[in-house]
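All remarks here apply to the structure that follows.
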Amino acid sequence: MIRTIKELRCWSRRQHNAQKRIGLVPTMGALHEGHLSLVQAANQCCEATLVSIFVNPAQFGVHEDFHQYPRPLENDLRLLQTAGSPEVFVPEITEMYPAGFDASVHIGGVTQPFEGVFRPTHFDGVTTVVLKLFLASEADLAFFGQKDFQQVCVIRKMVMDLNIPVEIVVCPTVREPDGLAMSSRNRYLTETQRSQTVVLSQSLTLAEKMIIDEKIRDVETIRQKIRSKIETAPDIKIDYIAIAHPKTLYELTTIDSEVVILIAAKIGTTRLIDNILISVVDN
Ligand code: AMP
């Protein structure tokens, strides 16, 4: 396990000297099968896999769950042993943000809607830490989950705008048997809450059916259907239902080629997000 950026740089240099490509999987720990699918993808594409585990304070809002966020490090390390024993980088907060740290990476445009409205400082925290991880690890490829769709758009934009020499690989969302997207935050849910959360993924597959099978193209009709489905769960409060272009994240009024539907909702104090990417072929 690597604890410092200096050690990480040495490790990366050794991998590159041995002609190995480095695949980085940035995480906040509390690992589940979604994270492990990224590790497996990295193992397949790269000769050296690096998983970072860092609960990044900069990406939490002041009233969010930074202090409660689960940190089961021993269990995480055990899980990683079942996924090919990648190298693991676990820095202290002071290693990433030493006293006097005063930098922030801001990406415009795609950071603004949806999550940007509800979590206005979130993406600056994400891009700052991810850029630091890219630079310290000299990763050749970096693996992210589609689960955090907007985050992927933001990272891709950062990589493009700042000419960062890393290839971004996006892996599909891993779900529980009932469809709920796996998330470290699912462990906050009570049994009653957990049973209600199934409507989130169900509302997205319902929307997919409307678009693909019923050929409905009007965004408001689809949004209303998603809303009604989610509202069958008494304790879920919707933050947003966005129907947008997958590259620009501009909201659509009618659906033509590609569309992403993003939802965010709260149940009790737990905030959950999900999305579905749909390709439409009209002829
Ligand atoms: P986190 O630890 O929540 O910051 O997530 C670390 C990485 O794992 C991010 O790229 C997430 O998008 C990805 N991830 C989280 N949950 C899932 C999931 N259910 N399926 C696939 N990837 C996921």
Side-chain angles (χ1 to χ4, degrees), residues 23 33-35 37-38 40-42 44-45 107-117 123 141-161 166-183 197-233 236 238-265 272-283:
E33 283 173 46
H35 297 114
S37 74
L38 304 184
Q40 274 143 16
Q44 270 167 20
C45 301
I107 302 298
V110 288
T111 53
Q112 299 306 298
F114 321 142
E115 288 302 290
V117 173
F123 286 124
L141 288 84
F143 297 78
F144 293 88
Q146 190 196 315
K147 154 87 182 352
D148 296 273
F149 190 92
Q150 192 174 0
Q151 169 171 281
V152 170
C153 295
V154 171
I155 303 278
R156 280 195 193 286
K157 192 72 170 63
M158 174 176 79
V159 164
M160 196 171 72
D161 285 1
V166 64
E167 187 184 322
I168 303 302
V169 181
V170 183
C171 301
T173 303
V174 177
R175 298 177 180 279
E176 299 288 353
D178 71 354
L180 177 66
M182 288 192 183
S183 162
T197 56
V198 67
V199 297
L200 296 175
S201 60
Q202 283 178 346
S203 76
L204 292 175
T205 43
L206 207 60
E208 182 180 42
K209 271 209 196 86
M210 292 174 79
I211 296 168
I212 301 289
D213 299 346
E214 297 167 38
K215 302 203 182 304
I216 294 170
R217 295 288 173 265
D218 176 56
V219 159
E220 282 320 313
T221 312
I222 294 160
R223 198 194 318 273
Q224 195 43 51
K225 188 79 166 190
I226 295 173
R227 182 177 299 284
S228 322
K229 179 71 189 175
I230 297 177
E231 283 174 351
T232 61
I236 298 188
I238 298 167
D239 274 354
Y240 60 79
I241 300 166
I243 303 179
H245 189 280
K247 297 241 157 52
T248 59
L249 296 186
Y250 290 157
E251 292 206 68
L252 302 173
T253 47
T254 43
I255 291 169
D256 42 30
S257 56
E258 281 212 308
V259 57
V260 62
I261 305 179
L262 306 123
I263 56 181
L272 300 173
I273 59 173
D274 201 352
N275 68 79
I276 191 168
L277 188 61
I278 303 165
S279 289
V280 177
V281 201
D282 274 333
N283 41 28

The side-chain contact (heavy atoms from CB on, under 4.5 Å) partner of I211 among I243, V280, L206 is V280
Query raised in the report: Just by modelled atom types, is the E115 backbone N or O under 3.5 Å from a matching donor or acceptor in the Q150 side chain?
Result: yes
Taking T205 for its side chain and S201 for its backbone only, find out whether a donor-acceptor pair lies under 3.5 Å.
yes
Show your reasoning for whether salt bridge (Lys or Arg N to Asp or Glu O under 4.0 Å) applies to R223 and E251.
CA-CA 12 Å; R223 198 194 318 273; E251 292 206 68; 3.8 Å; yes
Set out, in order, the CA-CA distance, both residues' side-chain angles and the distance that settles side-chain hydrogen bond (donor to acceptor under 3.5 Å, both in side chains) for T173 and Q146, then state yes or no.
CA-CA 5 Å; T173 303; Q146 190 196 315; 4.8 Å; no
Notebook entry, point to check: Is D161 salt-bridged to K157, going by a charged N under 4.0 Å from an acidic O?
Noted result: yes
All heavy atoms of I261 vs all of A207, minimum pair found to be CD1-CB, 3.6 Å
Note: T111 and I107 closest approach over all heavy atoms is OG1-O, 2.6 Å
For S183 and K147, the nearest pair of non-hydrogen atoms, with its separation, is CB-NZ, 3.9 Å
Item checked: Side-chain donor/acceptor of D178 to backbone N/O of L180, under 3.5 Å -> yes
In short, C171 meets A41 closest at the heavy-atom pair SG-CB, 3.7 Å
dist M158:CE -> I168:CD1 (nearest 0.5 Å) comes out at 7.0 Å
Subject >> D218 (side chain) donor-acceptor with T221 (main chain) under 3.5 angstrom >> reply: yes
